[in-house]
Amino acid sequence: MNPFEQAEVLLQEIEEQVLTNAQDAEAFRIKYIGSKGLLKDLFAAMKDIPNERKKEFGQLVNELKQRAESKVNEAKISSAKASTKKSFEDLSAPGVPYVVGTRHPINIVKNEMVEIFKRLGFVVEDGPEIEDDWHNFTALNLPENHPARDMQDTFYIDFNANRLLRTHTSSAQIRVMEKQKPPIRIITPGRVYRNETISARAHCTFHQVEGLYIDKNVSFADLKQTLYYFAKEMFGSDNIRMRPSYFPFTEPSAEIDISCFICNQTGCSVCKHSGWVEIGGCGMVDPAVLENVGIDSEEYTGFAFGMGIERITMLKYGINDIRLFFENDMRFLQQFS
Ligand code: PHE
């Protein structure tokens, strides 16, 4: 028999088969379209077909394959239907659970952070993502042409119209201080934007939780205690350290590091073999900021801190690429159910 005749015979055979259950369908699949199936041999015969008939032969074999596949699919569907029908008749069988959505990991961690700070008396405040220069920069002691503006690669919507995307949620804190007298104890969770090159560690949009506490006699010790409490509640360890740093809106300022619990300080790629990972910045609110919003800096002091939610989520769940948060890949998101 030449390959054309073989194909005809196979087609005949495939058409005649009756597949009544899932086992039949599987046996059929293995026999005809499995990796060692009969169709494989036919495909292999292609090389002996004269060139002018290759196309015709190819079409014939493809048709065969499609017929076989749809037969298998039909059989599987009808056997699945039959089996659901069966369990439907068993009234004592457990119900089929509804598949419900899951929270995004950023929201899970944000909610957790909000809960922790709530227990210390912080209330949640929000502000607009589209900001003006005053709230994002000038009021925060970053006047025009201040070199530290370069630290925050700003997306301007319209430079002349004074519209930009906030680079931190400190802008929301200015808004609260403008309309509220101390004591003020707030956190401002939210999305911020920076014109950064997207990589595994940085994105042009991310989320922060910033905190602000203003009252009489607020000291750096209060700030430290607040951060210790947060670290203990969030990570189960208050092994954090503060490194002197600079922010225009705080003085003194510090960067907050937490000991790397991914490697237990033995050195890994997450902590860049230093044993510590940075989770945010903090400091005592600069008196100039208080004066800018009409709060008497002789009478009141305050502390502020800011943390990136992505960074904390990555640490908490051992996620090594920030881009995963924004891709909406179900395989990633479903792991947080
Ligand atoms: N606003 C700072 C930032 O986004 C973080 C920060 C907040 C630092 C409060 C100190 C005090 O970079």
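The model shown is predicted, which means the values in this text are computed figures rather than measured ones. Counting starts at 1 for both ligands and their atoms, in listed order.
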Using a 4.0 Å cut-off to any heavy atom of Gly306, which atoms of ligand 1 qualify? 6 (C), 7 (C), 9 (C)
Using heavy atoms and a threshold below 4.0 Å, how should the contact between Phe305 and ligand 1 be classified: side chain, backbone, both, or neither? backbone
For Phe247, the atoms of ligand 1 under 4.0 Å from one of its heavy atoms are 8 (C), 10 (C)
Under 3.5 Å side-chain donor-acceptor pair for Glu310 and His207: yes
For Arg194, counting its heavy atoms only, list the atoms of ligand 1 lying under 4.0 Å from any of them. 3 (C), 4 (O), 12 (O)
Does the residue Cys282 have a heavy-atom contact with ligand 1, meaning some pair of atoms that are separated by less than 4.0 Å? yes
Checking the side chain of Asp132 only, and the main-chain atoms of His135 only, is there a donor and an acceptor separated by less than 3.5 Å? yes
I'd like to know if Met307 contacts ligand 1, where contact means a heavy-atom distance under 4.0 Å to any ligand atom. no
If we count only N and O atoms by modelled type, under 3.5 Å, do the side chains of Asp133 and Thr138 hold a donor and an acceptor together? yes
Does Met284 reach ligand 1, in the sense of a heavy atom lying below 4.0 Å from it? no
Taking N or O atoms only and a 3.5 Å limit, does Gln208 qualify as a polar contact for ligand 1? yes
Atom indices of ligand 1, in the order listed, that fall short of 4.0 Å to a heavy atom of Ser170: 1 (N)
Side chains of Glu13 and Gln17 only: does a donor on one sit below 3.5 Å from an acceptor on the other? no
Counting the benzene-type ring for Trp, do Phe117 and Phe230 have ring centres under 6.0 Å apart? yes
Is there a donor-acceptor contact under 3.5 Å from the side chain of Asp215 to the main chain of Val218? no
Purely on distance, is any nitrogen or oxygen of His168 under 3.5 Å from one on ligand 1? yes
Side chain, backbone, both or neither: which part of Glu255 comes within less than 4.0 Å of ligand 1 when only heavy atoms are counted? neither
Distance filter under 4.0 Å to Glu210 heavy atoms, resulting ligand 1 atoms: 1 (N), 2 (C), 4 (O), 5 (C), 7 (C)
In terms of ring plane angle, is the pair His168 and Phe137 parallel, tilted or perpendicular, where the classes change at 30° and 60°? tilted
Compute both the distance and the angle, then confirm whether Arg53 meets the cation-pi test with Phe4: under 6.0 Å from the six-membered ring centre, within 45 degrees of the axis. yes
